[in-house]
Amino acid sequence: MFEGRRQILLLFFIIIGLVFIGKLFFLQVIDDSYEKAADNNAIRKIIQIPFRGEVYDRHQKLIVYNTPVYDLYITPRKAHVRDTLQFCQLFGITRAYFDSTCKQAKAYSRVKPYLFLKHLSKEDFARVQDAMVDFPGFTFTTTAFRTYQSKAFSNALGYVAEINSNSLQNQKDDYYRQGDYVGVSGIESFYEEDLRGQRGVKYRMVNSNGVEKGDFKEGSLDIQPIAGKNLYTGVDIRLQEYADSLMQHKVGSVVAIEPATGEILTMVSAPSYDPSLLAGRNFSKYYQDLALDPMKPLLNRPPSAYYRPGSTFKLIQALVGLQLGIITPGSVFTHAGAPVKCHSHNTSHNDLHNAIQWSCNPYFYHAFRKILYEDTQGNTFERSAQGLQRWSELVANFGFGRKLGVDLGNEKKGILPNVEYYNKVYKGENTWKFSNIYSLSIGEGELVVNPLKMANVAAIIANRGWYIPPHLVKAIGDNKVVDPFYKTPVSVGIDTKHFGVVIEGMKDAVLHGTVGGDGKIPDIVMCGKTGTSQNAKGEDHSVFIAFAPKDNPKIAIAVFVENAGFGGFAAAPIASLIIEKYLKGKVDRKAVEEKFMNKSYLPNVLSVTGPRPQKTKKDTLK
């Protein structure tokens, strides 16, 4: 009995011994966590932030680059400051800032680095570096802030800012740390993964006082940072600056596109802001001022502002009617029976060319009515729905009511009313008809677009029926990679033969029609269409779309100037100056140029800041 018990006890102790031996073997041979913990007391891991990719214009001119700076991080568990006053004086901060930031760091994590002070210059870093031996737990990381060669292009370019807590927690690839910078808007945000690069890691040996003693294992374990990819845009920065100067003291947009490629030549949002204000330590101060500005300088209007297209939409009405076979170039409509009025022009031969040249409202009222009702069956309500359905399907091909896919994050679809839309508005089927929606015929009513879309319409007509999705960036990185989406032509479903009469009408609108003298370029054949976008809150908005030259077009453009009245009064001259500047490299019409750069010429266009003139000719849509 005793012998059996002795063997059991012996076996028990043998098992216990084997368990201990196995555990020791695991801890000392297999598991390296304790070795890493010990290394962390002697090795400092330094995250190296790569330089963000630079941005160039179409002529390889640098637009945005990086200025190296240093960020100071605190690790609360390791931090120890014996003389707080000395520390605050060294970095030029207040005791209140020191206490509040230390508190925030502890709340974030006691063992993870927390951004204490950002964007120290090279001179500041050199001044404080030797003194850091007295302040363990503080480390520097090399980073950079964006530096701009030009004040233009800021809205489309976007800005970078410190990543917020929600984005930090919801990131998919665990790339960012607290204090890192990320693209917030514009192409800075859209191309964030290309621009940010790949971060590196450097291991440094430190003594018990935290003083660095050199590279760990001669740097064999270091990972070098890889700079972000450069972006090569289709923007002409000189043209951008010129267009920006013409839009000073105005509210509105300019978008110019190269028709053959879809590359955006210029994208102006007015009013704008100096991009350098949102780079550096004073970001929070200036951002708040800009965000609260009633003129909304941070809004990138070309892809996101909403307007009615006005009479510029008559070009699409003409093309849709021609494609459906409802009208022909020789179709004639009188002014009789139309609730919309027209301008004084020769109506004896009011065909399609003449209607485009003089922007004849009654012509397009009757043409739209014929599009809705011809070749349809049923009562008036049913026929209205049938006609609107086929009309809206063709208009949608021009990008209305949908996104074009521009490489910006804030593109809005706009509104293209269709059968479903009006069924909701009028609360049921067979409750509306042409008389309820005839304002669509002249680009008013519920139809809503952004300026980018209208510039693309100009490019479509210049190409006689197709477009490449408009885009700012035409190549990424050293290999000049480009998304195939921005190389693929899109057809709008209108036969090429139908564009001739429309283009001739646009040419004569500039030479002998609604454009006016300031909008004509003496030695360039420009094809354009004026528009007046109705505005319930004040003076109507001035709109103009165009392309030039007529044959082998190089530029298509849309200009919107808020509260500036008729399209020929403000938008058309500005567009013509930009076209002249791009095609000739200079502007010969100095008197026109000076007029539109003079802030007193259009005193009422700043719709938020000043009184508006009384509207006249309310029924006239030029």
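Numbering starts at 1 and runs along the sequence shown. Both backbone and side-chain heavy atoms feed into the values below; hydrogens, waters and symmetry mates do not.
- No donor-acceptor pair under 3.5 Å is formed between the side chain of Asn170 and the backbone N or O of Ser167.
- A 4.5 Å side-chain heavy-atom check between Phe400 and Met454 finds at least one atom pair inside the cut-off.
- In this structure, Gln240 contributes its side chain and Val235 its backbone to no donor-acceptor pair below 3.5 Å.
- Counted by atom type alone, Tyr181 and Lys118 present one or more donor-acceptor pairs between their side chains at under 3.5 Å.
- Taken to the nearest 0.5 Å, the CG atom of Asn155 stands 8.0 Å off from the CZ atom of Arg301.
- For the side-chain hydrogen bond (donor to acceptor under 3.5 Å, both in side chains) condition, the pairs that include at least one residue of residues 98-115, sequence neighbours left out, are Arg95-Asp99, Gln104-Tyr114.
- For the residue pair Ser269/Ser253, the side-chain donor-acceptor check at 3.5 Å is not satisfied.
- To the nearest 0.5 Å, the span separating CG on Asp124 from OH on Tyr70 amounts to 11.0 Å.
- Proximity of Leu265 to Ile257: side-chain heavy atoms (C-beta onward) are nowhere separated by under 4.5 Å.
- The shortest side-chain heavy-atom distance between Leu298 and Tyr287 falls under the 4.5 Å cut-off.
- Note that CZ of Phe569 and CD1 of Ile574 are 10.5 Å apart. Values are rounded to the nearest 0.5 Å.
- Side-chain contact between Asp71 and Leu120 is absent, with no heavy-atom pair separated by less than 4.5 Å.
- Considering only heavy atoms from C-beta on, Phe153 stays 4.5 Å or farther from Val64 through its side chain.
- With hydrogens and angles disregarded, a donor-acceptor distance shorter than 3.5 Å links the side chain of Ser220 to the backbone of Lys217.
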Using residues 138-149 as the side-chain source, report each donor-acceptor pair under 3.5 Å to any protein atom, sequence neighbours left out, with the distance given to one decimal.
unit_1 : atom_1 : unit_2 : atom_2 : d
Arg146 : NE     : Glu188 : OE2    : 3.0
Arg146 : NH1    : Gly53  : O      : 2.9
Arg146 : NH1    : Asn66  : OD1    : 3.0
Arg146 : NH2    : Gly53  : O      : 2.8
Arg146 : NH2    : Glu188 : OE1    : 3.4
Arg146 : NH2    : Glu188 : OE2    : 3.2
Thr147 : OG1    : Thr67  : OG1    : 2.5

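- Listed for the Asp57 side chain is a donor-acceptor partner under 3.5 Å among the backbone atoms of Ile237.
- One N or O on the side chain of Lys250 and one on the backbone of Phe596 form a donor-acceptor pair closer than 3.5 Å.
- In this structure, the separation between CD1 on Ile476 and NZ on Lys474 is 13.0 Å, given to the nearest 0.5 Å.
- There is a side-chain donor-acceptor pair under 3.5 Å between Tyr56 and Glu54.
- Between Phe116 and the options Phe91, Phe87, Tyr73, a ring pair (Phe, Tyr, Trp, His ring centres under 6.0 Å) holds for only Phe87.
- In this structure, CD1 in Ile415 is found 8.5 Å from CD in Glu446, a value given to the nearest 0.5 Å.
- A cation-pi arrangement is absent between Arg82 and Phe135, since the terminal nitrogen or guanidinium carbon is not both under 6.0 Å from the aromatic centre and inside a 45° cone about the axis.
- A distance-only check finds no donor-acceptor pair linking the side chain of His119 to the backbone of Val69 [under 3.5 Å].
- Separating the CD atom in Glu258 from the CZ atom in Arg58 is a distance of 4.5 Å, to the nearest 0.5 Å.
- Distance alone, capped at 3.5 Å, places no donor-acceptor pair between the Ser533 side chain and the Tyr307 backbone.
- Contact annotation: the side chain of Ser150 approaches that of Glu241 to within less than 4.5 Å [non-hydrogen atoms, C-beta and beyond].
- Counting heavy-atom neighbours within 6.0 Å of Lys412 NZ, excluding the residue itself, gives a total above 12.
- Looking only at atom types and distance, the side chain of Gln248 has a donor-acceptor partner in the side chain of Asp244 under 3.5 Å away.
- Under a cut-off of 6.0 angstrom, the local environment of CD in Glu193 is sparse, with at most 12 non-hydrogen atoms contributed by other residues, nucleotides or ligands.
- At a threshold of 4.5 Å between non-hydrogen side-chain atoms, the residues Ser245 and Met597 count as touching.
- Side-chain atoms of Thr75 do not come within 3.5 Å of backbone N or O of Arg77 as any donor-acceptor pair.
- With hydrogens and angles left out, the side-chain atoms of Tyr191 and Asp407 include a donor and acceptor closer than 3.5 Å.
- For the pair Lys581 and Tyr242, the distance from NZ or CZ to the six-membered ring centre is under 6.0 Å and the angle to the ring normal is within 45 degrees.
- Looking at Tyr486 and Glu263, their side chains never bring a donor and an acceptor atom within 3.5 Å of each other.
- Counting only N and O atoms by type, the side chains of Tyr176 and Glu162 include no donor and acceptor under 3.5 Å apart.
- Side-chain atoms of Asn230 and Val55, non-hydrogen and from C-beta on, never get closer than 4.5 Å to each other.
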